[in-house]
Number of protein chains: 2
Amino acid sequence: MPTVASPSPAEDALETGATASIVGYRLRRAQLSVFQKFHAVFEELKLRPAEYSVLVLIADNPGRKQTEIAEALGIKRANFVTLVHGLEERGLVERVPSANDRRANALHLTRAGEAFLAHARAVHTAMEDELVARLGGAQARDRLLALLDRLT
Amino acid sequence: MPTVASPSPAEDALETGATASIVGYRLRRAQLSVFQKFHAVFEELKLRPAEYSVLVLIADNPGRKQTEIAEALGIKRANFVTLVHGLEERGLVERVPSANDRRANALHLTRAGEAFLAHARAVHTAMEDELVARLGGAQARDRLLALLDRLT
DNA sequence: TATTGTTATACTCTATAACTATA
DNA sequence: TATAGTTATAGAGTATAACAATA
């Protein structure tokens, strides 16, 4: 008697035990899964994860310069230029030349940007609620975030 | 009296509370951090995360065809070609034409590949042990993996 | 007809160097 | 000299389409 029971066809599965126990590997798979969900949900809004985080950070820190926002999100300032440019072209973000430092651009949301973000935040909250439910509740979410913190 | 105490210079930090509570965002930062560590540790072995997982999977499932290994790791078979080709050129992997299906290549590690992987596994175990210690022990690691499973 | 490995190709994300205008 | 924003560019990683050989 080889195993307890294997009723289904089952083909012949691969031995994946060694990879399955790797923290980095499992972390990557979970992150890809969550981001795929994000892309599916935000397809209608044409908004990528990085763009959403930029809008949120500008809304919560109006008037900061590009370098500050970029650095806080781990985005190189060279790559941040294109990202902000796209948001500006869509009328969501304004680059206002700074009064005291004429090298810097102060970032603000436009009226349209604030309305758009309000909608995006609602969509995101619904997605996040679903994730938290899958995790088993708010406490489970907090335990996950605490564990992730130790890896960062 | 504005706040309880803020002795250090502190510049003026950004408000990041909204992004900090996003599961996907924290997941991505943690994954990037772990992968950066991987790259640093495996620089001397010239081995990327995907290549390491391929070697492990071939070692644990010798004789399987490319498509099977690629699919198990979520790698498109078109992209898998280049990856395996690199490992073959380094003398770590063999592509043996399958006896029963002449379309397929059966994958095996070479002698050199097995020796190399033994070393890589040791290096990886050391890295993993350090991660587990940071998490707070094996139980904490298992709790993390269980939570990540629910997101995948 | 379907599958295996392959090539070609394109798109995103990320990283570095170098320029300008200001400080 | 150093910093802010910018441009150009190159390298990964990933995605699809199409082909030849074989099933």
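Predicted model only: the values in this text are computed from it and were never measured. So you know, we letter chains A, B, ... as the sequences are listed, proteins then strands, and number each from 1.
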Given Glu94(A) and Leu107(A), is the side chain to side chain contact (heavy atoms under 4.5 Å, CB included) satisfied, shown in steps? CA-CA 6 Å; Glu94(A) 269 184 331; Leu107(A) 297 177; over 6 Å; no
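- Each of Ala99(A) and Arg77(A) lies near DNA chain C, and the nucleotide nearest Arg77(A) is the one positioned closer to the 5' end.
- Within 4.0 Å of Ala50(B), counting heavy atoms only, lies no atom of the nucleic acid at all.
- To the nearest angstrom, C1' of dG5(D) lies 9 Å from CZ of Arg95(A).
- Donor-acceptor pairing under 3.5 Å is lacking for the side chains of Asn61(B) and Glu15(A).
- A sub-4.0 Å separation between OP1 or OP2 of dA20(D) and a side-chain N or O of Arg102(B) is absent.
- Here the P atom of nucleotide dA4(D) and the CG atom of Leu107(A) are 13 Å apart, to the nearest Å.
- With the nearest nucleotide of DNA chain D identified for both Leu32(A) and Glu68(A), Glu68(A) has the one nearer the 5' end.
- Checking dA23(D), dT16(C), dT22(C) against the side-chain heavy atoms of Asp101(A) singles out dT22(C) as nearest.
- Contact annotation: Lys65(B) reaches the phosphate of dT4(C) (side-chain N/O to OP1 or OP2, under 4.0 Å).
- Proximity of Arg28(A) to the phosphate of dG13(D): no side-chain N or O atom is located under 4.0 Å from OP1 or OP2.
- Glu51(B) and Lys46(B) are not joined by a salt bridge, as no carboxylate oxygen comes within less than 4.0 angstrom of a charged side-chain nitrogen.
- The interatomic distance linking Asn100(A) (CG) with dT22(C) (P) rounds to 15 Å, in whole Å.
- Note on Asn79(A): a base of the nucleic acid sits closer than 4.0 angstrom, heavy atoms only.
- Using a 4.0 Å heavy-atom distance criterion, Asn105(B) is classed as a sugar-phosphate-only contact.
- Using a cutoff of 4.0 Å between basic side-chain nitrogens and carboxylate oxygens, Asp60(A) and Arg121(A) are scored as salt-bridged.
- Note: CD (Glu71(B)) to C1' (dT4(C)) measures 12 Å, nearest angstrom.
- Taking atom CD of residue Gln36(B) and atom C1' of nucleotide dT14(C), one finds them 11 Å apart after rounding to whole Å.
- Here Asp129(A) does not pair with Arg134(A) in a salt bridge; the nearest charged N to carboxylate O distance is not below 4.0 Å.
- Look at CD on Glu88(A): it is 12 Å from P on dG5(D), rounded to the nearest Å.
- Between Arg103(B) and Pro49(B), it is Pro49(B) whose nearest contact on DNA chain D lies nearer the 5' terminus.
- Residue Arg48(B) has no polar side-chain atom (N or O) positioned under 4.0 Å from OP1 or OP2 of dG11(D).
- For Gln31(B) and dT14(C), the CD to P distance is 10 Å, given to the nearest whole Å.
- Contact check, Thr67(A) against dG5(D): a side-chain N or O comes under 4.0 Å of OP1 or OP2.
- Atom NZ of Lys76(B) and atom P of dC11(C) are 18 Å apart (whole Å).
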